[in-house]
Amino acid sequence: MPSLFDPIKLGAVEAPNRVLMAPLTRGRATREHVPTELMKTYYSQRAGAGLILTEATGISQQGLGWPYAPGLWSEEQVEAWKPIVGAVHDAGGRIFAQLWHMGRVVHSSLGGAQPVSSSATTAPHKAHTYEGRQPYEEARPLRLDEIPDLIGDYERAAANARRAGFDGVQIHAANGYLIDQFLRDGANFRDDDYGGSIENRTRLLRQVTQAVADTVGADRTAVRLSPNGDSQGVNDSDPFTLFPAAAAVLSEIGIAFLELREPTHDGTFGKAEVDPVHPAIRKAFDGPLVLNSDYTLARAQAALDADEADAITFGRPFLANPDLVERLRRAAPLNPDVMATWYSQGPEGYIDYPALEPAAA
Ligand SMILES: Cc1cc2nc3c(=O)[nH]c(=O)nc-3n(C[C@H](O)[C@H](O)[C@H](O)COP(=O)(O)O)c2cc1C
């Protein structure tokens with residue numbers, strides 16, 4: 001069985017190791033959602049990852065509801081991403097942009113209009129806005145005649161990502177955001193071609209993924225799902241049927257890899273009430289499978305040894321350890337992450353986590 005430090009081919013990308021960086025929203029772009037110089041330092045510090053998945057990046061103003069998160073819909077955003085991607089490549093790394101439409105969890109003060117979703121529902125809890133936390137608003141169901149435009153927004157963002165130099169894109173279909181709001185029957189109450197049966201609920205995922213694959217190549221298209229349990233009020237009555245079916249759809253399209261965020265029952269960033277679905281998804285999906293949530297060096301290597309996964313994404317460990325691959329290789333201690341600076345603006349808790357001293361020759 002491979003080691004975490006063995007190379008792996010992820011579609012068109014040759015990753016030198018299997019320690020990948022999970023997508024992490026950090027709120028260091030501008031209020032207009034334009035990437036900044038600070039982000040260049042942050043991402044290039046982490047170029048040792050087998051592959052970096054960027055923070056979730058808005059495909060459109062409608063889909064972006066997180067303060068100071070970046071987007072990929074305008075020329076200004078594309079131009080601002082170019083030096084960031086260039087710096088990662090110069091440092092020897094590879095980087096995919098995570099494409100995001102938040103659906104019902106976009107607050108109108110950011111999205112500019114009532115949020116959209118599969119159905120008329122309201123997310124639980126409160127939205128992050130420039131005016132602090134505010135209650136979520138009821139979403140309006142997307143009309144059938146709006147879906148081609150939505151798919152067009154994904155295509156434009158994917159094409160923009162390639163123009164900015166990204167090696168590929170990851171479609172964010174996890175964590176209770178728009179595509180997940182279509183996938184799971186706890187949020188999707190439609191009675192048209194996008195609701196009801198599993199074939200219908202996976203239709204948007206299929207169409208978006210096919211469109212993005214047609215734009216940038218299936219071998220540069222990845223997808224993230226979160227099958228086991230509630231995410232921002234989105235849940236499914238039968239994830240063990242739904243998610244292997246969704247994985248089979250993605251397998252047919254031939255994407256570069258599938259990443260699953262599956263918290264454990266005692267997870268430290270979400271606790272799942274449902275067992276992991278990844279063993280069933282492994283059987284349904286032919287390409288590389290990447291697992292995430294609460295992995296340590298030992299647990300990650302054990303997952304590879306058991307052939308449960310081909311690679312692992314690390315979130316908080318990468319946030320706090322720019323040289324995570326080297327630290328894991330040397331079994332060195334890890335810096336703990338500081339939650340207070342997860343989403344704060346500025347360099348503190350962003351680009352100042354220390355790297356190890358170089359190993360003695
Ligand atoms: C600060 C922070 C920001 C996150 N932002 C995103 C994001 O933009 N997109 C996403 O898919 N997941 C996001 N996540 C979830 C992580 O990708 C990952 O699933 C989670 O941290 C569990 O992995 P870990 O135990 O290795 O940290 C975020 C998590 C944290 C802690």
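All ligand and atom numbering here is 1-based and tracks the order in the structure.
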**Q** I'd like to check the side-chain contact (heavy atoms from CB on, under 4.5 Å) partners of Asp286; sequence neighbours left out, ordered by chain and number.
**A**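 Partners of Asp286 by the side-chain contact (heavy atoms from CB on, under 4.5 Å) criterion, ordered by chain and then number, come out as Ser251.
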**Q** Asp153 vs Gln62, test: side chain to side chain donor-acceptor pair (under 3.5 Å). Steps then yes/no.
**A** CA-CA 10 Å; Asp153 287 345; Gln62 180 195 61; over 6 Å; no
**Q** Side-chain donor-acceptor pairs under 3.5 Å in residues 331-340, sequence neighbours left out?
**A**
{"unit_1": "Asn335", "atom_1": "ND2", "unit_2": "Ala320", "atom_2": "O", "d": "2.8"}
{"unit_1": "Asn335", "atom_1": "ND2", "unit_2": "Asn321", "atom_2": "OD1", "d": "3.3"}
{"unit_1": "Asn335", "atom_1": "ND2", "unit_2": "Pro354", "atom_2": "O", "d": "3.0"}
{"unit_1": "Asp337", "atom_1": "OD2", "unit_2": "Trp342", "atom_2": "NE1", "d": "2.9"}

**Q** Identify, chain by chain and in numerical order, each protein residue with a heavy atom under 4.0 Å from an atom of ligand 1.
**A**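 Contacts of ligand 1 under 4.0 Å: Ala22, Pro23, Leu24, Thr25, Ala56, Gln98, His172, Asn175, Arg224, Arg261, Phe269, Asn292, Ser293, Asp294, Phe314, Gly315, Arg316, Pro317, Trp342, Tyr343.
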**Q** What residues form a side-chain contact (heavy atoms from CB on, under 4.5 Å) with Thr121, not counting sequence neighbours?
**A** Arg104, Ser117, Ser119, Phe189
**Q** Determine whether Phe243 and Leu260 make a side-chain contact, defined as any pair of heavy atoms from C-beta on separated by less than 4.5 Å.
**A** no
**Q** Under the side-chain hydrogen bond (donor to acceptor under 3.5 Å, both in side chains) test against Asp167, which residue among His89, Arg94, Arg220, Arg162 passes?
**A**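 It is His89, the one option of His89, Arg94, Arg220, Arg162 that forms the side-chain hydrogen bond (donor to acceptor under 3.5 Å, both in side chains) with Asp167.
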